[in-house]
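Positions are given from 1 along the sequence. Just the heavy atoms: all of them, side chains too, but no hydrogens, waters or symmetry mates, feed the values below.
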Amino acid sequence: MTMNQVGLLEPLTQQSAVKSEQRFDRYFLHSKEESIDYYAKTMKWAQEGFVDQFSSNDKPYSGLAHEEFTNLFEQTFKEILPEEQSPVETLFKNIGETILKHSIVVSNPTCLAHLHCPPLSAALAAEVMISGTNQSMDSWDQSASATVVEEKMVRWLSDLFLNSNRADGVFTSGGTQSNFMGLLLARDRFLKKQLNWNAQRDGLPVEASKLRIFCSKDAHFTVRQSAFLLGLGEQAVISVKTDSEHRMCVNDLDRCVKEATEQGLLPFAVVATAGTTDFGSIDPLAEVAKRANHYQMWFHVDAAYGGALMLSERHKRKLTGIDLADSITVDFHKLFYQPISCGAFLVKDRSNFDFIKLNADYLNPEDDEETGIPNLVTKSIQTTRRFDALKLFVSFHALGRKTFADMIDYTISLARETATVIEEEPDFELLNEPEINAVVFRYRPQGTERSNDLEWLNQVNGWIRTKLLEQGHSILARTRVNESVYLKLTLLNPRTTIEDIQSIVSQMKHLVQIEARI
């Protein structure tokens, strides 16, 4: 562009700049009164819609079918991006009466399907600060004090789980990302140490097709997902048998590793689960750690579900051996009661983060490290990342360890009571004695020819779950074990009572005996 062409461009005069500033002023929060007033009103309208149409709902779901809600949404919101602005008060009112009214009420005591916790009010308040300040946790000059808070939280978590002064970690979006990071570091460390291969620079060697990961057959699906995302394929994951309590069988682990080695394969990682999704089972961590050390494999513990037991004096012994891990996944949007998303990935030796470290001159130049400036992007596979450490920090201070422990202990006790209630019902079959707070069972009436009819049992149990959801009475999970359909109660909510459970059981019996005439 020539200087003459530049001169043809209309200059932004001082007057037009002022008009532009005034035009957009109120849309962003800053020190001016108009901005603060607009922010306060939008927060008030959003809060009213949230309280009136969501948190005050006495059912876990309205029961509206997918097609019905789609039609309602299209009738209420004619366009996704209207040409002109909408009155914000009306907008939030409409959102409350449509979207929020027909959302899943995760705080309801009978919303018991998944590892989907009710969020603490203190954490919800912290979310306002997190979104409002909009810190980006990749570099010091985008997060400053937030960087220090995350570093302090990670140090505390490292001491809690790993008790090593070389341990370190980073906040993540949750278990999927954390499990992926554990296996990524495990793969690249193995290639470097055993094959003298730099995967970061050279990609994968031909021997990569021989790499093998071991986990129980009940491990989270993200172990297999991570394997194919890492270029190893699902075939790289070898499933180890479990015992009657759905925990990894270490004798079968020995057999699997021995067979793999005899076949010329390269075992490089073993993943133990501290809280399986369906049963909450905890693998024998100390025994798996011994095998990992013996076979020189990376030991990763997926404690996304069960990690919170470390806060409980009564139950933390169940995680004995977790401090022997090379890396750990822990989620805070489960039994730490944080809003989604919030998790952490921890490593015993911080030097392993070098396998994902890169420097960019505009973001985290090398001379920052020389002067001691912390840029957390060197420890993460994310660049832009939320200040999620703040809501956990706020929750810790607002409740204290003892209250967290009491809530966890209560839900575990409730699960045991629930198992007893189901076990005493002649028309129900309990599948597991709960290790944490998941209870798996099914409707199976005794003394009838249908008690052994697998097709009918699968159909009726799936139907029970669907009807409860449609009626908005309760939300249960459905899973499949050895080709049989089972129902699952995931009792994360400390507000759920045994009376709630008894009501759900009664409702299921009513549905089958009265409505279905079975």
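Between Val257 and Met297 there is a side-chain heavy-atom pair separated by less than 4.5 Å. Phe387 is listed as a side-chain neighbour of Met137, based on a closest heavy-atom distance under 4.5 Å. Counting heavy atoms from C-beta on, the side chains of Phe299 and Val288 come closer than 4.5 Å. At a threshold of 4.5 Å between non-hydrogen side-chain atoms, the residues Met407 and Leu399 count as touching. Side-chain contact check for Arg480 versus Asn458: some heavy-atom pair is nearer than 4.5 Å. Within the 4.5 Å cutoff, the side chain of Trp298 has heavy atoms near those of the Ser327 side chain. Residues Leu431 and Val439 have side chains not in contact (no heavy-atom distance under 4.5 Å, counting atoms from C-beta outward).
Using cut-offs of 30° and 60° for the angle between ring planes, the Phe396 and Phe404 rings count as perpendicular. Between Phe332 and Phe336, the angle of the ring planes goes over 60°, which puts this pair in the perpendicular group of the 30/60° scheme. Relative ring orientation between His246 and Phe279 is described as parallel, the plane-to-plane angle staying below 30° on a 0-90° scale split at 30° and 60°.
Using modelled atom types and a 3.5 Å distance limit, the side chains of His333 and Ser341 yield no donor-acceptor pair. Inspection of the Ser216 and Asp218 side chains reveals no N or O donor paired with an N or O acceptor under 3.5 Å. Side-chain contact of Asp500 with Thr497: a donor-acceptor pair under 3.5 Å is present, judged by distance alone. Gln507 and Gln471 are linked by a side-chain donor-acceptor pair at a separation below 3.5 angstrom, with hydrogens and angles left out of the test. Side-chain N/O atoms of Ser178 and Thr172 include a donor and acceptor closer than 3.5 Å. A donor-acceptor contact closer than 3.5 angstrom is absent between the side chains of Glu234 and Gln225. Under the 3.5 Å distance criterion, with hydrogens and angles disregarded, a donor-acceptor pair is assigned to the side chains of Ser62 and His102. When only modelled atom types and interatomic distance are considered, Tyr305 and Asn437 share a side-chain donor-acceptor pair under 3.5 Å. In this structure, a donor-acceptor pair under 3.5 Å is absent between the side chains of Asn179 and His220.
Look at Asp254 and Lys258 and you find no salt bridge, because none of the NZ, NE, NH1 or NH2 atoms lies under 4.0 Å from a carboxylate O. Using a 4.0 Å cut-off between a side-chain N of Lys or Arg and a carboxylate O of Asp or Glu, Arg450 and Asp453 do not qualify as a salt bridge. Ion pairing of Lys41 with Glu89 is absent here, as no side-chain N (NZ or NE/NH1/NH2) approaches a carboxylate O to less than 4.0 Å. Between Glu127 and Arg386 there is a salt bridge, since at least one side-chain N of the basic residue sits less than 4.0 Å from a carboxylate O of the acidic one. We find that Arg444 and Asp427 are not joined by a salt bridge, their nearest charged nitrogen and carboxylate oxygen being 4.0 Å or further apart.
Note that the OG atom of Ser158 and the CG atom of Asp323 stand 12.5 Å from one another [nearest 0.5 Å]. Expressed to the nearest 0.5 Å, how far NZ of Lys241 lies from CZ of Arg255 amounts to 5.5 Å. Once rounded to the nearest 0.5 Å, the distance linking OG1 of Thr110 with CG of Leu489 reads 10.5 Å. Rounding to the nearest 0.5 Å places CG of Leu346 at 12.5 Å from CG of Asp326.
No more than 12 heavy atoms of other residues, nucleotides or ligands sit less than 6.0 Å from atom CD of Glu455. Within a 6.0 Å radius of CD in Gln502, more than 12 heavy atoms belonging to other residues, nucleotides or ligands are found. Atom CD of Gln47 has 12 or fewer heavy atoms from other residues, nucleotides or ligands within 6.0 Å. At most 12 heavy atoms of other shown residues, nucleotides or ligands fall within 6.0 angstrom of atom CZ in Phe393. Enclosure of atom CD in Glu67 is not indicated, since only 12 or fewer non-hydrogen atoms of other residues, nucleotides or ligands lie within 6.0 angstrom.
Residue pairs meeting the side-chain hydrogen bond (donor to acceptor under 3.5 Å, both in side chains) criterion with at least one partner in residues 392-401, sequence neighbours excluded, are Gln338-Ser395.
Taking the side-chain hydrogen bond (donor to acceptor under 3.5 Å, both in side chains) definition, one finds that Asp278 meets it with Thr479, sequence neighbours left out.
Looking at Arg465, its side chain does come within 3.5 Å of a backbone N or O of Leu476 through a donor-acceptor pair. Judged by distance alone, the side chain of Ser131 and the main-chain N or O of Val128 form a donor-acceptor pair under 3.5 Å.
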N/O donor-acceptor pairs under 3.5 Å from side chains in residues 307-316, not counting sequence neighbours:
unit_1	atom_1	unit_2	atom_2	d
Ser312	OG	Arg314	N	3.2
Ser312	OG	His315	N	3.1
Ser312	OG	Asp409	OD1	2.6
Glu313	OE1	Lys316	NZ	3.4
Glu313	OE2	Lys316	NZ	3.3
His315	ND1	Lys318	NZ	3.3

